[in-house]
Amino acid sequence: MAGSTPHPCLGRRVRRLSDPANEKDTALNVFALLHGVGSIGLFSSRAFVTAFVTAMLMRFGAELPWVSGSEMIVNVQGAPSWFTSDMTLTVLGILAALEVLATKNADIRAAIEQFDPYVKPTIAFLTHLGVVSATDAKFIEEASQAGYVDYLATFVIVPGVWFLTQARTALFGLLSEADEDDDIGIQKLISWAEDIGVIGGLVLLVLFPLAMLVLIGIVSGTLVLVRRRAETREQKSKQPCGACGQPMYPSALACPSCAAKNPSPRAIGFLGQSLDTPAPGPDAQAYRLVEKKRCPVCAERLTDRTAPQDCPACGHRVLADQAFVDGYVANVASRVPGVLSICAVLSSIPVIGLIPGVIIYRVQLVSPFRRYMPFARRMFLKGVVAILLFILIAFQWVPVAGAAVVPLMAIINYTAYRGALSKQLASAASAVQASAG
Ligand SMILES: [Zn+2]
Ligand SMILES: [Zn+2]
């Protein structure tokens with residue numbers, strides 16, 4: 001990248017070599033440098049939003065109330081560039097809007113995350129070229145002669161964005177593993193906070209470049225550290241099996257390597273982590289593990305969104321045994337009266353009772369079934385249920401009748417997802433029988 005293809009600003013560099021040096025040029029390129037380094041953290045979060053807001057600030061920044069005071073913005077004004085053209089702004093604007101929308105849906109978010117490590121560094125690189133081309137000036141000429149600008153893009157921005165994107169994806173992966181459908185809504189909340197943080201971060205980067213550089217550095221560093229800690233904690237939580245010495249989750253009922261029984265399995269928490277308290281009993285523990293998307297035998301994480309499926313560690317076929325499936329469904333069914341009572345109490349509180357009510361029934365009654373359904377089936381059910389729910393929510397504000405709304409929503413969802421998973425498992429079982437016979 002740095003050597004063979006000519007840099008976009010090379011042509012202008014030759015033309016402008018005779019230009020007299022001035023202070024404006026230096027200011028412009030401090031912007032390119034600070035923006036390049038400072039936005040690494042922002043690109044790893046929202047690449048298109050960062051690119052779009054950068055281009056907008058460069059084009060219109062001087063007309064905005066606070067930003068116009070920034071020396072950088074004033075100096076960028078009037079610099080003609082492909083990066084700040086109407087065409088680029090329109091395309092980036094559309095892509096940024098799509099990026100914001102896409103990150104609000106758990107399924108779409110998971111799908112696009114696979115491409116993030118390639119897309120985000122590329123957009124960061126192109127944006128840096130765009131900023132450089134708009135701030136093309138003497139400083140770049142000098143810097144380019146030393147290869148400074150090219151080095152910055154190639155060896156700092158691109159790998160920096162790549163690295164932070166991986167760290168962020170891994171961290172968010174832990175959240176979505178624990179709560180794939182975002183039943184609690186925390187992932188959506190974080191997603192909105194990120195949107196605001198990225199846009200605000202860029203504006204502040206222009207206004208207080210050095211302070212923001214430090215702040216973005218601290219946030220990015222924390223992200224990497226938290227990710228590393230979470231990873232090692234997961235591994236450290238394993239203990240050697242008493243029979244064969246291989247690592248085993250404390251919450252496992254048996255060792256994945258030698259199948260020896262775990263003499264004292266530990267209970268598991270909401271996020272699927274092993275707790276210090278003893279497990280409730282082998283059956284209850286097995287149901288609880290499956291509910292948390294873990295193997296009911298060795299407690300390994302299950303990766304696929306389908307059932308039945310094979311455990312990646314011990315090979316146990318999860319949710320294939322009809323007696324186990326019946327027990328699993330009955331275990332969830334036993335919560336229905338309690339959950340409905342709580343939902344009725346919450347539902348009688350107009351408007352604000354709705355959100356905790358919905359979270360409780362989704363986590364307790366719906367998620368145990370929905371976690372094992374493939375994408376198409378989930379979308380279909382969502383559509384069917386949505387129409388009924390929409391009508392119900394319209395009446396939730398009515399003081400007395402409102403109390404029935406959340407319990408009704410819970411019953412509709414519970415019945416629909418329970419029925420759909422039972423059907424899915426039954427057709428899988430008959431397929432197995434057909435192929436055997
Ligand atoms: Zn063992
Ligand atoms: Zn297993």
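One-based numbering, in listed order, for ligands and for the atoms of each. Just so you know, these numbers use all the heavy atoms, side chains as well, and skip hydrogens, waters and symmetry mates.
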Angle subtended at the Zn ion (ligand 1) by SG of Cys241 and SG of Cys244, to 10 degrees? 110°
Is Arg168 positioned over the aromatic face of Phe172, cation under 6.0 angstrom from the ring centre and no more than 45 degrees off axis? yes
Using the ring-ring contact (aromatic ring centres under 6.0 Å, His included) rule, collect all pairs that involve residues 226-266, keeping only residues at least two apart or in two chains. none
Exercise answer: donor-acceptor pairs, residues 206-221 side-chain atoms, under 3.5 Å, sequence neighbours excluded:
| unit_1 | atom_1 | unit_2 | atom_2 | d |
| --- | --- | --- | --- | --- |
| Ser220 | OG | Ile216 | O | 2.8 |

To the nearest 0.5 Å, how far apart are CD1 in Ile186 and CD1 in Ile184? 7.0 Å
Excluding waters, which protein N, O or S atoms are within less than 2.8 Å of the Zn ion (ligand 2)? Cys295 SG, Cys298 SG, Cys311 SG, Cys314 SG
Contacts of type side-chain contact (heavy atoms from CB on, under 4.5 Å), residue Ala284, not counting sequence neighbours: Pro280
Does the ring of Tyr417 carry Arg370 above it, NZ/CZ under 6.0 angstrom from centre and within 45° of its axis? yes
